[in-house]
Undergrad: 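Below are the structure tokens for one structure; questions will follow.
All values below come from the heavy atoms of this structure, side chains included, with hydrogens, waters and symmetry mates left out. Along the sequence shown, residues are numbered consecutively beginning with 1.
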Amino acid sequence: MLSVFVLPGGARAQTTTPQEWIEIGTRAHGGFGALIPIGIRIGLDALQRLKTSPRGVIVRYRSGETAPCPCVADGIMVATQASPGQGTLKVLDEKAGQGLLLDVEIEDRKTGATLRYRVASRWQPQVVTWNKTLDPLGRYQAVMAADAMIEPAGP
């Protein structure tokens, strides 16, 4: 999947390989556990479905009661360039619903069209296993192949 990532200073880098996503995710987050590619996958899907470009969305993220952290939000940030500093990525205090690892809304800044993505808590043991048994590339590939993991809703 071809995407464009704007680096600090406005330089544009096309990210076409899993290794490039791993490098960017690691730089942004400080590591590359399986939660980061979940966010990258959600962010890329939202940009494609909303037909918008990076920096064109507002993200509202809610962690589930059992979620270890909002690391997925960093993956979404990497993919969409939504930013807490710009007020376009908000990690809310409100928790995701019962049985959810995460619940995120991604809104097109121009049109207001909004998508919602959820990951059920039942995926948490699998994510832990991927983190313990796979290297970063294996984690990225496992998340991208887990078609039933992310439950999108919206347009």
Undergrad: I'd like to know if Glu105 and Arg60 make a salt bridge, using a cut-off of under 4.0 Å between side-chain N and carboxylate O.
TA: yes
Undergrad: Would you say the side-chain atoms of Arg109 pair up with the backbone N or O of Arg55, donor to acceptor, closer than 3.5 Å?
TA: yes
Undergrad: Nearest heavy-atom pair of Trp130 and Arg139: which atoms, and what distance?
TA: O-NE, 3.6 Å
Undergrad: Mind checking whether Pro84 and Met77 have side chains closer than 4.5 Å, heavy atoms only?
TA: yes
Undergrad: Testing the basics here: between Thr80 and Gly43, what is the closest heavy-atom pair and its distance to 0.1 Å?
TA: CG2-CA, 3.6 Å
Undergrad: Would you mind reporting whether Pro18 and Leu137 have side-chain heavy atoms less than 4.5 Å apart?
TA: yes
Undergrad: Side chains of Ile38 and Val127: does their closest heavy-atom pair fall under 4.5 Å?
TA: yes
Undergrad: With heavy-atom distances below 4.5 Å as the criterion, would you say the side chains of Thr129 and Leu134 are in contact?
TA: no
Undergrad: More than 12 non-hydrogen atoms from neighbouring residues, nucleotides or ligands closer than 6.0 Å to CG on Asp135, yes or no?
TA: yes
Undergrad: Could you verify whether a donor N or O on one side chain and an acceptor N or O on the other, from Asp103 and Tyr117, lie under 3.5 Å apart?
TA: no
Undergrad: Hey, what do you get for CD1 (Ile42) to CG (Leu115), rounding to the nearest 0.5 Å?
TA: 11.0 Å
Undergrad: Do Thr88 and Ser83 have side chains that approach each other closer than 4.5 Å (heavy atoms only, starting at C-beta)?
TA: yes
Undergrad: Tell me the closest heavy-atom pair linking Thr66 and Ser121, and the distance in Å.
TA: OG1-OG, 3.9 Å
Undergrad: Would you check if Thr52 and Val57 make a side-chain contact, meaning some heavy-atom pair closer than 4.5 Å?
TA: yes
Undergrad: Tell me if the CD atom of Gln98 is crowded by more than 12 foreign heavy atoms within 6.0 Å.
TA: no
Undergrad: Got Val78 and Ile36 here, is their nearest side-chain heavy-atom distance under 4.5 Å?
TA: no
Undergrad: Between Trp123 and Ile150, is there a side-chain heavy-atom distance shorter than 4.5 Å?
TA: no
Undergrad: Output, in order, the C-alpha distance, side-chain angles, deciding distance and verdict of salt bridge (charged side-chain N to carboxylate O under 4.0 Å, His left out) for Arg27 and Asp74.
TA: CA-CA 11 Å; Arg27 266 187 278 145; Asp74 284 352; over 6 Å; no
